[in-house]
Amino acid sequence: MNTKFALHILLFIIVLCLCSNLLAALSRDYEEQEDPELATCIHQCGQQRQYSKTDKRICIQACERYHHMKKERERHMQEEEARRRKQEDEDEDEDEGRRMDNPYVFDDEDFRTKLETQEGRVRVLNKFSTRSKLLQGIRNYLLVTLEAKGHTFTSPSYFDSDAVIFVVKGRGVIGLVREDKTDRFKLEYGDMMRVPAGTLVYFVNRDENQNLVLANLFIPLLSTPPEFKAFNPEQFLTAFSIDKLEAALKTPREKLRGVFEQEEKGSIIKISREEVEAVSKVKEGFWPFTTQTGAPFNLLGTRPFISNQYGRLYQSSLDKPSDLNELNLVVSFSNITRGSMSAPSYATRATKICLVAEGEGYVEIVCPHYSGRGRKQDRPSYQRLSSGLRTGMVFVVPTGHPFLVGASKEDELHILCFELNARGNRIQALAGKNNVMIAMDKDAKQLTFMQPADKVDEIFSTQESFFFPGPNNNDHSHGRAYA
Amino acid sequence: MNTKFALHILLFIIVLCLCSNLLAALSRDYEEQEDPELATCIHQCGQQRQYSKTDKRICIQACERYHHMKKERERHMQEEEARRRKQEDEDEDEDEGRRMDNPYVFDDEDFRTKLETQEGRVRVLNKFSTRSKLLQGIRNYLLVTLEAKGHTFTSPSYFDSDAVIFVVKGRGVIGLVREDKTDRFKLEYGDMMRVPAGTLVYFVNRDENQNLVLANLFIPLLSTPPEFKAFNPEQFLTAFSIDKLEAALKTPREKLRGVFEQEEKGSIIKISREEVEAVSKVKEGFWPFTTQTGAPFNLLGTRPFISNQYGRLYQSSLDKPSDLNELNLVVSFSNITRGSMSAPSYATRATKICLVAEGEGYVEIVCPHYSGRGRKQDRPSYQRLSSGLRTGMVFVVPTGHPFLVGASKEDELHILCFELNARGNRIQALAGKNNVMIAMDKDAKQLTFMQPADKVDEIFSTQESFFFPGPNNNDHSHGRAYA
Amino acid sequence: MNTKFALHILLFIIVLCLCSNLLAALSRDYEEQEDPELATCIHQCGQQRQYSKTDKRICIQACERYHHMKKERERHMQEEEARRRKQEDEDEDEDEGRRMDNPYVFDDEDFRTKLETQEGRVRVLNKFSTRSKLLQGIRNYLLVTLEAKGHTFTSPSYFDSDAVIFVVKGRGVIGLVREDKTDRFKLEYGDMMRVPAGTLVYFVNRDENQNLVLANLFIPLLSTPPEFKAFNPEQFLTAFSIDKLEAALKTPREKLRGVFEQEEKGSIIKISREEVEAVSKVKEGFWPFTTQTGAPFNLLGTRPFISNQYGRLYQSSLDKPSDLNELNLVVSFSNITRGSMSAPSYATRATKICLVAEGEGYVEIVCPHYSGRGRKQDRPSYQRLSSGLRTGMVFVVPTGHPFLVGASKEDELHILCFELNARGNRIQALAGKNNVMIAMDKDAKQLTFMQPADKVDEIFSTQESFFFPGPNNNDHSHGRAYA
């Protein structure tokens, strides 16, 4: 009896759960309709003659797991792909929001610290090409800053690029080790000079309290891969094998160790007042500075290129004989007074790499081609890339791109620019005195603006030159002027 | 009774299908032998002590599903890989047949339209590097065409590259906005001139009916990423924030809107006969044209470099003072008469970017290294890349590559070439007067051809120079001369 | 009875294996704890109400297979990734051990044979950029060697790059086919000359027994993709379509075939003593050689730049008028006597591509930035890259990198270097006469070495200049001098 009963129970249960599962399977089948592959797979399970219902259920589960895994796999591969693209293709823009907005502005986080001691640090701006494909043209240029505390000595090193240095802050001394002697020069705020590739150079901060801050542009030689490389002899010599070093210096290794095994080598160290005085006895710089064995040249000591109550623009020249000429480089420095701004303008040939030396303000760059991930567009359209500015920030203005900079109401703004490809370059103002619209002939003006020329001139014939009072409100609304 | 019976039935069925499935499993095991992983998997199923036969069957099915998915995955990844390679590596050749055949010839479909209105359009040839790795050396040069209908005005824009323009068709006017005034010049068929980067320039089609067609080569500056960028002031000014614009132009936004908010801005517009006349009052061009503030120069007005009844070759010179010299660029123009062709020849230093200005014909370029996907070969072998030519097509002839062009029997062929890296370049003919074989000394000739020198000379001493009558049949059979 | 019994058996067995499997499942669940996804999957199997224990077990097995496949897939994708990176990104270093150690030294296996006959071969060094990102600056330069056996003729070809050739071994003749005649010159050991792009050139080995060995540097033109391309007219002419060729040469195809269809064309062939004599009648070279139509110049015939009992350094000059000047290239040649070595030194601007012309020795290059896969480091650290040298090996010394070379005790060492970007370059010694440490002022010296200056001078004031006796043992231990 009870065997029969047990058996019936057994069969009954089996039937029950089979049905339930079949239904489940069918319903799943239905939900998932949208994926044809899954549907097919499940369907085939149903078709298998030799399958018991259990088998079919399990078959269906397998279909679903496979489906789930496939989806997973695809997601996974897409992520992989995305990650790789971002990593590898260093010419692509990065994904981070601010940067998508503005590939031309660089912040603290874009610098990497190459050397740091208690007494100072050397920082290098990330390669321009890692920010955006749009900057590939200047990918091999490097911007490097040196900050050294009061009464310090930055031990001698040389580089595999030419460098142009500019004193952004403080009072220092530079020593350049030439073939047979060392040339020393005092460094003051606004001094600039070229340091030729391979020339051993050291720095002293003569001031006890104030930092010495240098902004340096490294200009690639043919062979320089875009990487910052400092060579400190007293460090790298010990990298040669000891037996070769013994032979070269005719000195037993014990004695060599005595000289080379020091702490704190090749870095920035505190020195005594006496040491500062000793190492600060220098020739004075000359003007105009001479070729190769160049002495520093004070840009801010020259007559400003443009000057009014709202601002001043200083600019080195390629006409004067100078060891910067062959670099096809101009250095400019703008002082913009509180609440003032520069005229919208563009450089006809040069690309500017600018550092905010001091102060707060804003920059606006108009970009004809930039869109999301640098994709090209089939119709020209212009986008404003604007950003606040504060001390230490860097921005790039590519050739031809209209831009303006302004100082906040609270603060003067001092901007240092290295202008690459400067030969034959012209600053073309878009407002204020001799702006391009004034130079345009009457007929073209009318056809361009579809207005009587004088109505257009009314607008463009402001007589102020280059620096103006800024707007009353400094809101940097990101919307277009005419949405 | 019937319980016992049912039970027996049940057991019997179970046994039956188990066997069948076991057999199935084994047979599958056998078929799939070739994949070791699958075999192992299936084998392991068999080994599982704790498995019932059902479990083993299901285990085996799982193995097979896994196997199927693995294969699928691999296929999927290969496709992924292929797709990515093609997309990403923009230096690779494309897969499309014609292009595999010929990486040096460009067609309508290789142009992208940047601007198009009822009255005309601006088209840009795709970057050379997207066509083939072989063109990476000229990747930053851009070829741009402007077509404007009768009586039109193309509003002023400037560019972030130097440009050399050539009038392929029509009668126009060009206006260049300099620092303090606008220079206007008439443009005729065959005129060429340099438009410096950053100089605002506009065009007028003086002719009522005929199109004005310009071919422009854009020459990159240091910083120019290889992308076409046009800057239209009356458009981009409105991209600055309105408050800055008000400050710069000292004009309330309402008034600004009045001037800037126009339709059809920055494009090609129809203008009246009167407007044409007004804007066509110009200075005449000078010859030889002077630096920077260059006036147009008519290439076709000069004495041809080569000329006979079969064709004429005009060529600008780097010896004359000219603002093209510093670009290291020569412009050449060939007229080939019906059914005639140029001598096989090569340029010793220059790379030619050529546009078919008018007519029909063919080009043959011989390529020493090209093979399928640009892979290198371990033995030099030469391939002919030939193509028909018709108005508007573009082809590139890299340095040193032997080539010839010919006109169809029905049509003259007019070809405009921009020759890059032209300084010190020489056209070296391979047939006709002073061809390289004639210049080769007797001894070398004999060792090279393993023939008596005079037998070789017989062939190479044709007296015709550079342009010849073409073959009687213009079939461009793609096979090699000696298969 | 036995039905009941069978039934009980059946149930008993089912229960048994279910338990065993459940335990198994749990234990697996436990083992695999570490992978959360797997744990979850298994857990869910447990949760499925409608599952029988068997189902659950199978579900768990599926989880585990999926887990295994996932792991497998990830491994697979990582491998894929790795393989692709290596393949595609040709700027990455390769994985092979020696190369990871030293990206600057090249060996036989780094050459590819472009042409090989019984009588000689042409080999090309792989692109520098395929070795290391660090060499991307010279990626377009190619080093090519020609080796021709006694009494051979290398048939005329031209190239799409400028080339500088140097006779490393043997006595030959070079023929350059100019526009209207062929210039022939004798070639001796130490001769160097420029072969302009597009100039047809052939070589003869005048010596019956000794090989003629040439080292050639190919200097890219604007448009040259970094690939070796040789053009042999008597070969490539037949690549034009036969009808065009007939028209150009005014010769029926039968006759053309007669001339062009030869074996052994465009290669290196044995020639008779008489043929050698015939083709060896030459003008003598002049000194200093003149532009373009340059004759060879014997570097080893000039006064050595440096010379003492331990070695000699010869160096071409950019001051003399020469057709190498515009290439901004200097060729140097060092003879180092047995067991001697050069001073540790660096080039301030130039990058050297050096070939071991003859002998055995070693090179040590100190590298500030190199680490594993070229990743940057945040602190300067210096690594010695050292390698043995033997005839035919190549090494590169990038700008500013300190290095030294030495000869083995058994063998002189002869090294040929092509120095790129040589204008304004200076060899800066780090030991021996006028080394940089001597030129450093006393104060800086003390602050740098934290030693009395005289103690430092003691070490650096060796009077020997540039070439020294080497160390007593030539072990190239790879550890740092001071581990």
Side-chain angles (χ1 to χ4, degrees), chain B residues 3-4 7 50 58 62 66 73 77 133-134 136-138 341 343-344 346 348-349 351 364 366 368-369 376 378-380 382-384 386 398-400 402 404 420-421 426 428 430-431 434 436 439-441 443-444 447-451 455-456 459 462 468-471 473 476-477 480-482, chain C residues 3 6-7 17 20-21 24 58 62 65 69 73 80 112-115 153 155-156 158-160 175 177-182 197-198 200 202 221-225 227 229-251 259 261-262 271 275 278-279:
Chain B
T3 64
K4 203 188 250 170
L7 183 55
Q50 83 281 18
I58 292 158
Y66 165 50
R73 186 172 68 247
M77 290 180 70
K133 194 185 217 96
L134 299 170
Q136 70 188 25
I138 56 171
M341 63 182 243
Y346 64 89
T348 57
R349 304 190 73 79
T351 291
E364 295 193 355
V366 170
H369 49 80
K376 295 143 209 72
D378 281 334
R379 244 186 156 308
Y382 302 93
Q383 183 181 350
R384 176 179 69 253
S386 53
T399 304
L404 57 79
L420 312 176
N421 192 42
R426 214 175 69 231
Q428 185 60 74
L430 294 156
N434 36 26
V436 71
M440 192 187 298
D441 61 80
D443 307 305
L447 292 170
T448 303
F449 287 92
M450 298 180 163
Q451 309 265 335
K455 188 144 176 273
V456 178
I459 284 182
T462 39
F468 306 126
N473 63 321
H476 322 138
S477 61
R480 283 179 58 98
Y482 305 112
Chain C
T3 62
L7 183 54
C17 59
S20 69
N21 287 301
I58 292 159
R65 277 194 207 86
M69 285 159 60
R73 185 172 70 246
E80 271 300 310
R112 291 176 58 223
T113 300
K114 285 292 183 177
L115 170 70
F153 175 76
S155 69
Y158 66 84
F159 308 95
D160 65 352
V177 183
R178 313 289 190 187
E179 261 166 300
D180 50 358
K181 62 168 188 354
T182 300
L200 208 54
Y202 63 82
L221 305 179
L222 150 103
S223 63
T224 315
E227 216 178 296
K229 274 165 273 158
F231 295 79
N232 296 73
E234 85 282 4
Q235 282 188 21
F236 67 63
L237 271 171
T238 64
F240 283 109
S241 23
I242 184 61
D243 58 332
K244 314 285 187 310
L245 212 52
E246 286 180 311
L249 297 173
K250 301 207 173 322
T251 312
V259 172
E261 275 187 339
Q262 302 299 332
I271 61 176
E275 290 172 315
V279 79

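Reminder, nothing fancy here: chain letters follow the sequence lines and each chain counts from 1.
We find the CG-NZ distance between C/Asp160 and C/Lys229 to be 3.5 Å, quoted to the nearest 0.5 Å. Here B/Tyr346 contributes atom OH and C/Tyr158 contributes atom OH; the two are 5.0 Å apart, rounded to the nearest 0.5 Å.
For the set B/Gln428, B/Lys455, B/Arg426, the count of heavy-atom pairs under 4.5 angstrom toward chain C peaks at B/Arg426. If you tally non-hydrogen atom pairs under 4.5 Å between each of B/Leu404, B/Leu420, B/Asn434 and chain C, the highest count goes to B/Leu404. Between chain C and the residues B/Ala431, B/Pro344, B/Pro402, B/Ala343, the largest count of heavy-atom pairs under 4.5 Å involves B/Pro402. With respect to chain B, the highest number of heavy-atom pairs below 4.5 Å among C/Glu275, C/Glu179, C/Glu246 belongs to C/Glu179.
Contact check for B/Leu134 versus B/Pro398: no side-chain heavy atoms found under the 4.5 Å cut-off.
With hydrogens and angles ignored, the 3.5 Å screen pairs no side-chain donor or acceptor of C/Ser155 with any backbone N or O of C/Tyr202. In this structure, the side chain of C/Asn232 engages the main chain of C/Pro156 through a donor-acceptor pair within 3.5 Å.
Both the backbone and the side chain of C/Leu249 have a heavy atom closer than 4.5 Å to some heavy atom of chain B. Both the backbone and the side chain of B/Met440 come within contact range of chain C, each with at least one heavy atom under 4.5 Å from a heavy atom of that chain.
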